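Please read the structure below before turning to the comments.
Owing to the predicted nature of the structure, the values given are computational and were not obtained by experimental measurement.
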There are 2 protein chains.
Amino acid sequence: MSDSASLPDTPERILDAAEALFAERGVEATSMRAITQRAGANVAAVNYHFGSKEGLLQAVLRRRLDSLNARRIAQLDAAEAGAGGAARVKPHLVVQAFFAPAIALAADRTGGGQAFMRLLARSSGNPAQFLREFLAAENSAVMERFSAAFARAMPDVPPQEVLWRFHFMLGAFSYAIMGVDNLRLLTGVDVDGEDAWARLPDRLMAFLLGGLRAPLPGLAPPGDSAS
Amino acid sequence: MSDSASLPDTPERILDAAEALFAERGVEATSMRAITQRAGANVAAVNYHFGSKEGLLQAVLRRRLDSLNARRIAQLDAAEAGAGGAARVKPHLVVQAFFAPAIALAADRTGGGQAFMRLLARSSGNPAQFLREFLAAENSAVMERFSAAFARAMPDVPPQEVLWRFHFMLGAFSYAIMGVDNLRLLTGVDVDGEDAWARLPDRLMAFLLGGLRAPLPGLAPPGDSAS
DNA sequence: GTCTATATCATGATAGAC
DNA sequence: GTCTATCATGATATAGAC
């Protein structure tokens with residue numbers, strides 16, 4: 001829409017810079033000076049456009065989170081339509097609908113998608129109240145929708161158990177995103193190289209499905225009575 | 001060892017206060033003034049006993065992490081002795097050796113174990129270099145030992161794959177620890193009540209084992225043909 | 001909308017008396 | 001070892017010129 005240069009306008013440049021720095025150094029360790037300097041803008045611009053640092057963080061998150069969640073819902077819609085009824089969707093497809101769009105976003109190394117997903121993953125553990133409330137509100141629709149979908153897809157597993165496993169899956173996913181660098185540091189071993197991101201989706205999906213469909217605790221190991 | 005009162009001495013009181021506040025508010029959001037006030041000590045006491053805020057955080061982590069890791073190693077030793085050779089330990093026991101001591105610590109609501117585990121889980125994602133280096137050094141022995149144990153326990157799965165699954169398990173575990181409050185907030189549903197911590201070990205272990213032993217990606221589901 | 005300059009405040013750390 | 005008082009720094013946020 002701009003007629004002069006190929007540069008994004010100031011608010012967007014600030015969002016890009018903040019996204020990158022928040023992901024790299026953490027929110028609290030990133031000063032507004034560092035953000036505006038990287039964005040080629042002035043310190044006052046943040047407050048003018050976003051009100052405050054908190055407002056900026058919310059804007060950074062909202063920019064991609066809304067469309068991400070929309071993609072998840074759309075994929076779940078498609079799965080339910082294809083299965084002919086919400087009650088007949090296989091667990092595999094529910095997992096896929098929720099995590100595949102996020103993994104795809106995290107695999108985008110150059111466009112900022114990866115930075116965003118790392119920031120989002122870390123933000124989910126951030127104890128700041130305003131962030132917890134923001135994320136809870138932002139995600140409530142998707143969480144309710146998928147909680148119900150998982151429960152329907154696994155009628156033989158108690159709903160509470162399904163909810164917990166959904167939560168465990170979220171944790172494994174978060175670590176996976178931060179993990180490509182992390183894993184080398186933790187174990188000292190260099191796990192794959194450039195291929196890591198290419199192989200991650202299959203690896204992760206296999207793990208998540210294995211955990212989701214594990215035998216219930218306190219039952220005989222390989223009965224598989226829960227279909 | 002003290003003859004006067006039943007109160008712990010100043011360094012320990014500071015460690016207790018820092019542990020609780022770091023876990024509750026996050027490290028960056030916790031000021032040394034808040035810590036010393038809660039500990040009933042003076043602001044200068046932190047620098048006197050621990051050198052700096054970074055030094056304090058490391059001391060808080062080290063206080064419990066060393067013994068936790070020692071318990072993990074001891075339990076793995078016992079499992080290998082009981083199985084008659086390191087190569088014959090079942091995956092189930094390796095998972096148990098690593099995670100059971102940590103879950104037990106996290107279930108300790110009153111003694112500070114839970115606060116410590118939450119802090120540790122969040123610290124594993126903290127991008128600060130000094131923290132990453134500290135944790136890498138502190139955990140290197142356990143990580144190498146268990147990485148090898150997992151690889152030996154699952155000879156049919158490529159070692160890299162096992163490492164990734166170990167990493168995924170760490171993620172699920174971390175979320176599980178922060179999760180009892182988190183889950184209610186994310187889903188709006190109140191999942192169990194006081195029983196949550198009592199049921200967590202079985203729930204989590206079932207999930208972890210399911211993920212660890214999931215069929216390899218890109219192969220026929222239950223073939224197990226990979227040697 | 002964008003900038004310079006500045007206000008206001010909280011932080012981590014230290015000096016030095018006791 | 002413990003305290004008071006203070007320093008130097010860096011933070012967010014704003015006022016007001018352009």
Evaluate B:Glu138 against B:Asn69 for side-chain hydrogen bond (donor to acceptor under 3.5 Å, both in side chains), listing each step before the verdict.
CA-CA 9 Å; B:Glu138 197 79 5; B:Asn69 282 340; over 6 Å; no

Side chain to side chain donor-acceptor pair (under 3.5 Å) contacts touching residues 35-57 of chain B (sequence neighbours left out)
none

With the sugar-phosphate defined as primed atoms, P, OP1 and OP2, and the base as all remaining atoms, what B/S/- string results for nucleotides 11-18 of chain D, 5' to 3', for protein heavy atoms under 4.0 Å?
BBBB----

Parallel, tilted or perpendicular: which describes the rings of B:Trp164 and B:Phe168, with under 30° parallel and over 60° perpendicular?
tilted

Integer-rounded Å distance: C:dA13 C1' and B:Phe50 CZ
16 Å

Those residues of residues 18-27 of chain A lying under 4.0 Å from DNA chain C by at least one heavy atom:
none

In terms of side-chain geometry, is the basic nitrogen of B:Arg145 or B:Glu80 positioned less than 4.0 Å from the acidic oxygen of its partner?
yes

Qualifying residue, where the test is side chain to side chain donor-acceptor pair (under 3.5 Å) with A:Ser67 and the options are A:Arg63, A:Arg71, A:Arg64:
A:Arg71

Report the relative orientation of the aromatic rings in A:Phe166 and A:Phe146; use parallel for angles under 30°, tilted for 30 to 60°, perpendicular for over 60°.
tilted

B:Phe98 ring centre to B:Arg72 NZ or CZ under 6.0 Å, with the angle to the axis within 45°?
yes

Write down the distance between CG (B:Leu57) and P (C:dA13), rounded to a whole number of angstrom.
12 Å

Respond yes when some side-chain nitrogen or oxygen of A:Thr10 is under 4.0 Å from OP1 or OP2 of C:dT2, and no when none is.
yes

Distance, nearest 0.5 Å, that separates CD1 of A:Ile103 from CG of A:Leu208
7.0 Å

